[in-house]
Number of protein chains: 2
Amino acid sequence: MPKLPNDDKPVEMPKRVRTITDLAKLAGVSPGTVSRALAGKSLVNAKTREKIEALAREHDFRLNQMASRFRRQKTGVIGVVIPLGHDRRQQISDTFFMTLLGYLADELTERGYDLMLRRVIPDKDEDWLDRFIGSGMVEGTIVIGQSDQFDRIEDVADGYRPMVVWGNHQEGQRHCVVGSDNRLGGKLAAERLIASDCQSIAFLGSTDPIEFAARFAGAKAVADKMGVSISVLPTHLNPDRAADEIAEHFASSHSDFDGIFAATDLLAVACLKEMQSRKIAVPGKVKLIGFDDLPIASQTQPPLTTVRQDIAAGARCLVDLLLRRMNGESTESLVLPPKLIARQTA
Amino acid sequence: MPKLPNDDKPVEMPKRVRTITDLAKLAGVSPGTVSRALAGKSLVNAKTREKIEALAREHDFRLNQMASRFRRQKTGVIGVVIPLGHDRRQQISDTFFMTLLGYLADELTERGYDLMLRRVIPDKDEDWLDRFIGSGMVEGTIVIGQSDQFDRIEDVADGYRPMVVWGNHQEGQRHCVVGSDNRLGGKLAAERLIASDCQSIAFLGSTDPIEFAARFAGAKAVADKMGVSISVLPTHLNPDRAADEIAEHFASSHSDFDGIFAATDLLAVACLKEMQSRKIAVPGKVKLIGFDDLPIASQTQPPLTTVRQDIAAGARCLVDLLLRRMNGESTESLVLPPKLIARQTA
DNA sequence: CGCCGAATTGCAAACGTTTGCATTTTTGTG
DNA sequence: CACAAAAATGCAAACGTTTGCAATTCGGCG
């Protein structure tokens, strides 16, 4: 009977059950027991558990996660940082990163982690990575894209294990990275162009970002070996600027290439458009290959031949490796093989 | 002198200064003072503060955010949820949502909040919204897209103030929403098509999602008034499936329209492609208008006429309203006017 | 020199949960 | 029925920070 509310009080004023202690009083047990019951530990009597769970449902009680996480010293949060270097500020490759982010969200949710997202502008904030890591809010960190921060990341990697980076793999680097084999991707593209009888290849895009540099290097290696000339048509990464720059490249006289390897699909699409408006037949006169295999790639006319990165697989690997590192394992970097998707532009 | 380390210990073993108390010992003050100094409160002596700050830097000490947030009962985290209903599972409109997400991240970071992202599949988890809100981890919640969860959101809205939703505004709804005036967008599109002499309009896409229904309704209102016929060409939202369905629509005999209003740019692009491969002149024979003004829209050939949603502005409004609600204000929903971007397909 | 107010600092109690250990209850067995 | 082992529960100490209040120090002024 002590379970009944005081009858001498005129109205029973339920007082939202907020803490585990409130609930414990209702159930007539100790807070510890409630905690154990709710956590699904085995050492609590089945009946007690049911009673507690029922009460919890009834008053829709919810654990104070902050208290819980604080006490257990586990946040259950994985941080995802996107550094915005270069002129990636208004980013062409965002589509790719954002898609990756989506998959990461799914993958992490699946495993019971929350995802904390932060975009940072490194040159405005030297300390971006340490600050994020040291915030004490995340148990592990995924960095999407090395941007121009390779060294910064290397610095941190020694002292901070639970971090995995999406990006390019460098011989002998110290941070754990997963990414496509950009060099191989470049190779595939060049081989395809050459197999389609191209004699002179142009690489379209910046070679500043490390991934793109690798794509170019891969293509160049093949071209050199096969005695095919290769040049760079530099552009910015911002799609609008790039469109103008592409137009300029075509306007200038040296347009003596018959094959184009674009650093990303977005550049390829812009390039395709320019060529079409100049009545340059694709693939008749000039062949074109992109990179990424974004959804748009299959939607151009003619559909774009491109080098596919398997984004979903990438996300899965990132999370896998990160969780293993969080368990103290030390892991090797992982480079995923890209794949040529032959459509109609090359 | 008690500040010096014990000299009788053979080597001084620095013992990473982890807590505010460690730091307090070093500085020879109490933990409370350190806390105040680091928090930048005015009531601590300038010299003391400097000393503490110097020590903090030296040992690169960082506040345990979890403890801090727990104690202050403030997480500093805004939750962003993306419900994945319908066949939005492998999402066509993701590009739009993800872009919005990017801007949200910027906007929130700017104001000192972190962003916690979660994608949920409502039919697998009835309780998704309550669970997220009740987790005690977020101070406010932004829902991106109502999906088919309008009612669920309404239910929650009464009891939970700090929530803002991106989506469509319904007469008399109870949750605070910001979104484009989809009806107006549809109106603009239809007006444009009719001004271009279209006699028969087709709406391409599903009318299930509430936003799309509004787009259609807006278009239909104009069409009806002007005595122009309008029909629906239903498709799924998954781009690959949609492509096939579009092809089927064209293959079937009833292709008697001369203007198409696509529910999203992505559908428009797929449609454009189909028409081109069927040698249907755009805009010569059929006019085409999209919705969103994603970057691709300007990159098609011919470039796509479309209805622009100002995503950056949307993000800013979402955050603004949310912060005001978190301060106890009650706010009206906000509908933003979309804008017709006239390019070459209509 | 003493006293008052302002400026600093210290003290200790929270915040709500988890968990090792001790204690109680239950169960099983001889 | 007694007793030991196992199961279930209670107790209380953490986790690291913030903050109201009290105590101390410091200047300034009469």
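Numbered from 1 within each chain, the chains take letters A, B, ... in sequence-line order.
Proximity of A/S30 to the phosphate of D/dT9: no side-chain N or O atom is located under 4.0 Å from OP1 or OP2. The side chain of A/T48 contributes an N or O atom lying less than 4.0 Å from OP1 or OP2 of D/dT9. B/Q73 has no side-chain polar atom (N or O) that falls below the 4.0 Å cut-off from OP1 or OP2 of D/dT18. Look at A/K74 and you won't find any side-chain N or O under 4.0 angstrom from OP1 or OP2 of D/dC15.
Atom CZ in A/R16 sits roughly 11 Å away from atom P in C/dG16 (whole-Å rounding). In this structure, the NZ atom of B/K25 is 12 Å from the P atom of D/dG16, given to the nearest Å. Rounded to whole angstrom, the span from the NZ atom of B/K51 across to the C1' atom of C/dT8 amounts to 13 Å. Rounded to an integer number of Å, the gap from CZ of B/R49 to P of C/dT8 is 10 Å. When the P atom of C/dT18 is taken as reference, atom CG of A/L23 falls 12 Å away, rounded to whole Å. Between the CD1 atom of B/I20 and the P atom of D/dT19 there is a distance of 11 Å, given to the nearest Å. For the pair B/L43 CG and C/dT9 C1', the computed distance is 10 Å after rounding to whole Å. The CG atom of B/L38 sits 13 Å away from the P atom of D/dT19 (whole-angstrom rounding).
The pair A/D320-A/R111 meets the salt-bridge criterion, since a charged nitrogen lies less than 4.0 angstrom from a carboxylate oxygen. Salt bridge A/D114/A/K74: absent, no basic N to carboxylate O contact under 4.0 Å. One finds no salt bridge joining A/E329 and A/R325 here, because no Lys/Arg side-chain nitrogen approaches an Asp/Glu carboxylate oxygen to under 4.0 Å.
For the side-chain contact (heavy atoms from CB on, under 4.5 Å) with B/V156, the lone residue among B/D151, B/V143, B/I133, B/T141 that qualifies is B/I133.
At a threshold of 4.0 angstrom between heavy atoms, the contacts of A/S35 include nucleobase atoms, whether or not backbone atoms are also involved. Using a 4.0 Å heavy-atom cutoff across all strands shown, B/K47 reaches no nucleic acid atom at all.
Of the candidate nucleotides D/dT17, C/dG16, D/dA8, D/dT17 has the atom nearest to the side chain of B/N64. For A/A67, whose side chain is taken as the heavy atoms from C-beta onward, the closest listed nucleotide among D/dT18, C/dT8, C/dT17 is C/dT17. Picking from D/dT18, C/dT17, D/dA8 the nucleotide with the shortest atom distance to the side chain of A/N45 gives D/dA8.
The aromatic ring of A/F70 does not sit over the base of C/dT17; the criterion of centres under 5.5 Å apart with planes under 30° is not met.
Side-chain N/O atoms of B/R71 and base N/O atoms of D/dT17 include no donor-acceptor pair closer than 3.5 Å. Judged by distance alone with a 3.5 Å cut-off, a donor-acceptor contact links the side chain of A/R36 to the base of C/dG20.
B/L38 has its side chain within reach of B/I52: a pair of non-hydrogen atoms, C-beta onward, lies under 4.5 Å apart.
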